Amino acid sequence: MRTIQIKGGRIIDPSQGVDEVADLWLGDDRVLGIGEAYAQGTADVVIDARGMIVSPGLIDVHVHLREPGNEEDETIATGAASALAGGVTTVACMPNTIPALDTQGAAEFVVLQAQRARKANVYPVGAVSKGRKGDELAELGQLVAGGAVAFTDDGAPVASASLMRRALLYSKMLDRVIMQHCQVPELTVGGVMNEGAESTRLGLGGMPAAAEDIMVARDIRLAEITGGRLHIQHISTARSVELVREGKKRGIDVTAEACPHHFTLTDERLRTFDSNFKMNPPLRTADDVAAVIEGLKDGTIELLATDHAPHAPEKKMRELDQAPFGIVGLETLIPITVHGLIEPGHLTWVDVIRMLTVAPAKLLGLVDKGTFRPGADADVTIIDTETPWTIDPEKFLSRSRNTPYGGWKVKGRAHVAIVAGEVRHSLGGIVHEAGEAATP
Amino acid sequence: MSIAALTSAEPPKPPASGWSGKHLLGLEDLSREEIHFILDTAESFGEVSSRTRKKVPALQGRIVFNLFFENSTRTRTSFSLAAKRLSADVQDFSASVSSLSKGETFIDTAKNIEAMGADVLVVRHSSPGAPHLLARHVQCGIINAGDGAHEHPTQGLLDLLTIRKAKGRIEGLTVGLVGDISHSRVARSNIWGLTKLGAKVILCGPPTLVPRSLEGLGCEIAYSLDDILPRLDVVNVLRIQSERQQQGLFPSVAEYSRFYGMNQERVSKAPGDLLLLAPGPINRGVELTPEVADGPNSAILEQVKNGLAVRMAVLYLLGGKTDAKPAAD
């Protein structure tokens, strides 16, 4: 058995309530366990993680990989490499590709390409409707057979209430969650940014917060009457957070995710007319940002996700109202979360790691991920929390560069990412093969 | 600045104090002093237009490009004429016959034109912020000639100049902007200019065209034109685009005209010296009746004249500054 000893790091594993300085042992592609009891003599690889956090591999439930159809923006291989550079060892990729991921074969294609790439784990999320057109249910059962871990028409909402009701009902037999991009489409036609004082100032088409609120309210009620599992993607408004909070109190099976840009940036950033601040849902007001942070603090919002949305420069460099929505997010997930949540004292590292490990694993039904329980998948993220660095989009492994965070001076970075017991990303210096000096 | 200086062989030097900007992207970016400085400069150029020989050598050897990605007659003609009166070389660019129709990007098109030696690009575009995007990618001066529903700064300046000349001041006046404020670049430039210079601005129209969020720009909102007319020193009547009715933002042109059209009866409710502006093109019988458009309160043709003077001033102030270096990537 090939073993890895990760020495002296601060191991945080919220699935088991672990937060201690200890050694973590991996054997082949499995977790052996935490502490000396799992020591296997001399390890084949020793990683000196002193001063760093050792976390179960981070999971991002909301990533766009663009393949097939828009490989100029991203491919499964480049997206999975970008994930590892950001410390994310598992991603769930959205089905808004061309063609849409709405068949078993399409899901299998994603799984196969990810295996070939041998980077991060990639799980397809199937479309709710055929062709993501919102008319008929896709073959959800066969999508699961092809590897789909959840369903969404993301990029667009399931606008039809009756289709959404059916999807929530039908997916119960598959025990898979329906993820929803909550937005009433009729209220956002022509919208470029949040509707409000800033869109008025700039003369840009607005997307009212109510467009999200109304859909969140509708879908929570549909989850209630169906007993289905509902997940609100990229929640962005104060009222939506309140609605999820109310829904949870009533015992409805609803979860929500928040993206780093929605808890660090406001719509005032659009004053520069820079398309790197154009996303959907749009950047909202300071009150909305505060509500999202409050929702994260009180557990209303259980997950962090990036909504990694790569677009090639020639697309994003267009006039603001003609540029596509979205920013890349995998490689800035950790530092922007540190900047927005940990440094201001809103959340602890334990909270954040829970939101990026055990909570997403539970959402997607990945029983062997997001934990250091013995026998679990040997996926590990080692985070350097202290060394300052500057975000340089030109160094991203993503094929695209569309980030609003270029030039930010930040802290918090994935130093090593291990997938299935293999070191697949390392900034260097702390990983030592057997026979090398284990300490500098 | 003296006219003698303007007509001398050498271009005059701008005064030490004034306007330090490299581009004119919007009135939001300008200070009260800068706006007054541009208006003062425009008043000087206004005199040039009244002379027999209407040309000065101020921008001789400079190249002004009119980059119009959206249809325009009045503004483009006004800029062209202004540039010619300053002796600049003027080239018009029309998007419909350009390489844009072959898929070239907006930025690449502008970079190519800059490489041909343009000193100033006058940009009209349907996308808000398009001139700001160009300003980040080219070296020459950019004048925003209207970007979507965002700003139309030279229109704002010419409205200010018209008011200042007619009323002798702007501070303390109450100005009503009537119509589709939500989609109007003229309204936004007027709002910034008027409020910076100390006027009170009342925005008037149906709630679907005048959102409450405009209060955040320091304006009062009103839905009844009849109620506010007695308080107004100036009314600026904006054009209603038929597209807005097709979008269902108001029920019919007839209904709009009934509640917001400026007719003689309404003019009579206002103070006798009410100044009436309209940025044009005007829809006679919709936003204002012919007798009002051509009546004693109307300054519509004055606006056109002042537009020429304002554009000469802005071109002069920007055109003298550019280095015409190649664009940086």
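Lettering follows sequence order; numbering is per chain, from 1. Worth knowing before you read on, the calculation uses all heavy atoms, side chains too, and leaves out hydrogens, waters and symmetry mates. Just so it is clear, the model here is predicted, and its values are computed rather than measured.
Here the CD-CZ distance, from A/Gln322 to B/Phe106, works out to 9.0 Å after rounding to the nearest 0.5 Å. Remark: A/Thr200 OG1 to B/Glu215 CD distance equals 10.5 Å, nearest 0.5 Å. In this structure, CG on B/Leu133 lies 8.5 Å from CG on A/Leu320, to the nearest 0.5 angstrom. Atoms NE2 and CG, on B/His125 and A/Asp321 in that order, are 7.5 Å from each other to the nearest 0.5 Å.
Interface remark: B/Ile107 contributes side-chain atoms only to the contact with chain A (heavy atom separation under 4.5 Å). Within the 4.5 angstrom heavy-atom criterion, only side-chain atoms of B/Glu28, from C-beta onward, approach chain A.
Between A/Leu204 and B/Pro128 the shortest side-chain heavy-atom distance falls below 4.5 Å.
Heavy atoms from other residues, nucleotides or ligands lying under 6.0 Å from CG of B/Asp92 number more than 12.
Here the shortest heavy-atom pairing between A/Glu319 and B/Ala130 reads CG-CB, 4.2 Å.
Heavy-atom neighbours of chain B within the stretch residues 268-283 of chain A, taken at a separation under 4.5 angstrom, comprise A/Thr272, A/Phe273, A/Asp274.
When each of B/His132, B/Arg188, B/Arg212 is checked for heavy-atom pairs under 4.5 Å with chain A, B/Arg188 comes out on top.
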Begin from the C-alpha positions of B/Thr105 and A/Arg318 and carry the test side-chain contact (heavy atoms from CB on, under 4.5 Å) through to its verdict. CA-CA 7 Å; B/Thr105 67; A/Arg318 300 191 62 193; 5.6 Å; no
